[in-house]
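Working notes, beginning with the structure itself.
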Amino acid sequence: MNYRRLKDLPEDLKPRERLHQHGPENLSTKEILAILLRTGSRGENVLELSERILTETGGLTGLARLSIDELKQVHGIGPAKAAQVKAALEIGKRSVCADPMSRPVINTPSDAADLVMEEMRKLDREHFRIIHLSTRNNVLGISPVSVGSLNSSIVHPRECFKDAIRRNTNTIILLHNHPSGDPSPSREDLDITKRLAEGGKILGIEVLDHIIIGDKKYVSLKEQGII
């Protein structure tokens, strides 16, 4: 059943009630964003609005990259909602910066895959992203690079390394999803991996791995001996 209004949802499906009952860590990104937005827009309830915003902006990392002016251009987000979202994202950013030891640590390919699996396996386009790592393999951030069509992404080396250079990152992990659910690498995936790894060597930025996300499974090109 499609509920036009959030208040018409059963109690156990309402984001605020679920947060109180199960804790924020058990809510989806869509539900957390819905709590921040509070209300929907014309023709869609707040959960539908949240889902559309995440899809249109490229998920949480894409949303975080938008300026407040860009955020206000997204249909359904006005000045008040844009301010609420940017403030919440800034609090999250500051909390991580305040305690570097709380940053996730990537020791294995599965650590990297687990970091993005829940979100990226559901995307209906190929999204290419970069994980930036410290010298101790702490995650410094995740940068969106490109969003492709149903079966391909457009990746330019300049875009891949731009944030890494700005952050003075020594090591990166390449990430992208296959909307088909099958993470098997294509010839294009292998070619771009080789190309970016060679570019990283020139720049002094090591490409540690390239992980392809499928539906609840992944492939690590490092584990396959390709990197």
side-chain contact (heavy atoms from CB on, under 4.5 Å) between Leu208 and Ile227: does it pass, once the steps are laid out?
-> CA-CA 7 Å; Leu208 187 61; Ile227 292 182; over 6 Å; no
Between His75 and Ser41: side-chain donor-acceptor atoms closer than 3.5 Å |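 His75 vs Ser41: no donor-acceptor pair found between side chains.
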Between atom [atom1] of [X] and atom [atom2] of [Y], what is the distance when rounded to the nearest 0.5 Å?
X: Asp189; Y: Ile212; atom1: CG; atom2: CD1; value: 4.0 Å
X: Leu47; Y: Ser28; atom1: CG; atom2: OG; value: 7.5 Å
X: Ile213; Y: Asp215; atom1: CD1; atom2: CG; value: 11.0 Å
X: Lys30; Y: Leu37; atom1: NZ; atom2: CG; value: 12.5 Å
X: Ile173; Y: Arg129; atom1: CD1; atom2: CZ; value: 14.5 Å
X: Leu190; Y: Ile226; atom1: CG; atom2: CD1; value: 5.0 Å

Kindly indicate, with the supporting measurements, whether the criterion side-chain contact (heavy atoms from CB on, under 4.5 Å) is fulfilled by Leu174 and Ile130.
-> CA-CA 5 Å; Leu174 313 178; Ile130 301 292; 3.3 Å; yes
Do NZ/NE/NH1/NH2 and the carboxylate oxygens of Glu159 and Lys162 come within less than 4.0 Å?
->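 Lys162 and Glu159: salt-bridged.
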So, Glu118 and Arg121, do they make that salt bridge, N to O below 4.0 Å?
->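 Judged by the 4.0 Å cut-off on N to carboxylate O distance, Glu118 and Arg121 do form a salt bridge.
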Taking [Y]'s backbone N and O only, do any of them form a donor-acceptor pair with [X]'s side chain (distance below 3.5 Å, no angle check)?
X: Arg136; Y: Val105; value: no
X: Asn177; Y: His127; value: yes
X: Asp191; Y: Glu188; value: no
X: Asp111; Y: Asn107; value: yes

I'd like to check [X] versus [Y] (side-chain heavy atoms, cut-off strictly below 4.5 Å). Are they in contact?
X: Ser50; Y: Glu31; value: no
X: Leu89; Y: Leu60; value: yes
X: Leu63; Y: Leu71; value: yes
X: Thr169; Y: Phe161; value: no

Worked verdict on Ile142 versus Leu115 for side-chain contact (heavy atoms from CB on, under 4.5 Å) | CA-CA 10 Å; Ile142 302 177; Leu115 196 62; 3.8 Å; yes
With sequence neighbours excluded, residues passing side-chain hydrogen bond (donor to acceptor under 3.5 Å, both in side chains) with Arg52 |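 Expected list: Glu44, Glu56.
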Please report the shortest heavy-atom distance between [X] and [Y], naming the atom on each side.
X: Cys160; Y: Phe128; value: SG-CE2, 3.9 Å
X: Thr108; Y: Ser110; value: OG1-OG, 2.9 Å
X: Leu36; Y: Ala88; value: CD1-CB, 3.6 Å
X: His132; Y: Ser143; value: NE2-OG, 2.8 Å
X: Pro144; Y: Gly62; value: CG-CA, 4.2 Å
X: Ile211; Y: Pro109; value: CD1-O, 3.4 Å

Quick one: sort the His176 and His210 rings into parallel, tilted or perpendicular, breaks at 30° and 60°.
->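 Judged by the thresholds at 30° and 60°, the geometry between His176 and His210 is tilted.
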Qualifying side chain to side chain donor-acceptor pair (under 3.5 Å) pairs with a residue from residues 218-227, counting only residues at least two apart or across chains |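 For residues 218-227, and leaving out neighbouring residues, the side chain to side chain donor-acceptor pair (under 3.5 Å) pairs sorted by first residue read Asp209-Ser220.
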Consider only side-chain heavy atoms of I, L, V, M, F, W and Y, link residues closer than 4.5 Å, and tell whether [X] and [Y] are in one cluster.
X: Met120; Y: Val139; value: yes
X: Ile172; Y: Leu140; value: no
X: Leu196; Y: Ile165; value: yes

For Lys194, look at atom NZ and say whether over 12 heavy atoms of other residues, nucleotides or ligands are found less than 6.0 Å away.
->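 For Lys194, atom NZ is not crowded (no more than 12 foreign heavy atoms under 6.0 Å).
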Under the side-chain contact (heavy atoms from CB on, under 4.5 Å) rule, what do Gln21 and Lys14 come out as? Steps first, then yes or no, please.
-> CA-CA 11 Å; Gln21 293 173 8; Lys14 294 179 179 179; over 6 Å; no
Give the C-alpha distance, both sets of side-chain angles, the deciding distance and a yes or no for side-chain hydrogen bond (donor to acceptor under 3.5 Å, both in side chains) between Ser184 and Asp182.
-> CA-CA 6 Å; Ser184 302; Asp182 180 3; 2.8 Å; yes
Determine the sole option in Leu27, Val46, Leu54, Leu49 for which the side-chain contact (heavy atoms from CB on, under 4.5 Å) test with Leu33 is passed.
->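 Result: among Leu27, Val46, Leu54, Leu49, Leu54 is the only option passing the side-chain contact (heavy atoms from CB on, under 4.5 Å) with Leu33.
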Considering residues at least two apart in sequence or located in another chain, which fulfil the salt bridge (Lys or Arg N to Asp or Glu O under 4.0 Å) criterion with Arg42?
->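 Once residues adjacent in sequence are excluded, Arg42 has no partner under the salt bridge (Lys or Arg N to Asp or Glu O under 4.0 Å) criterion.
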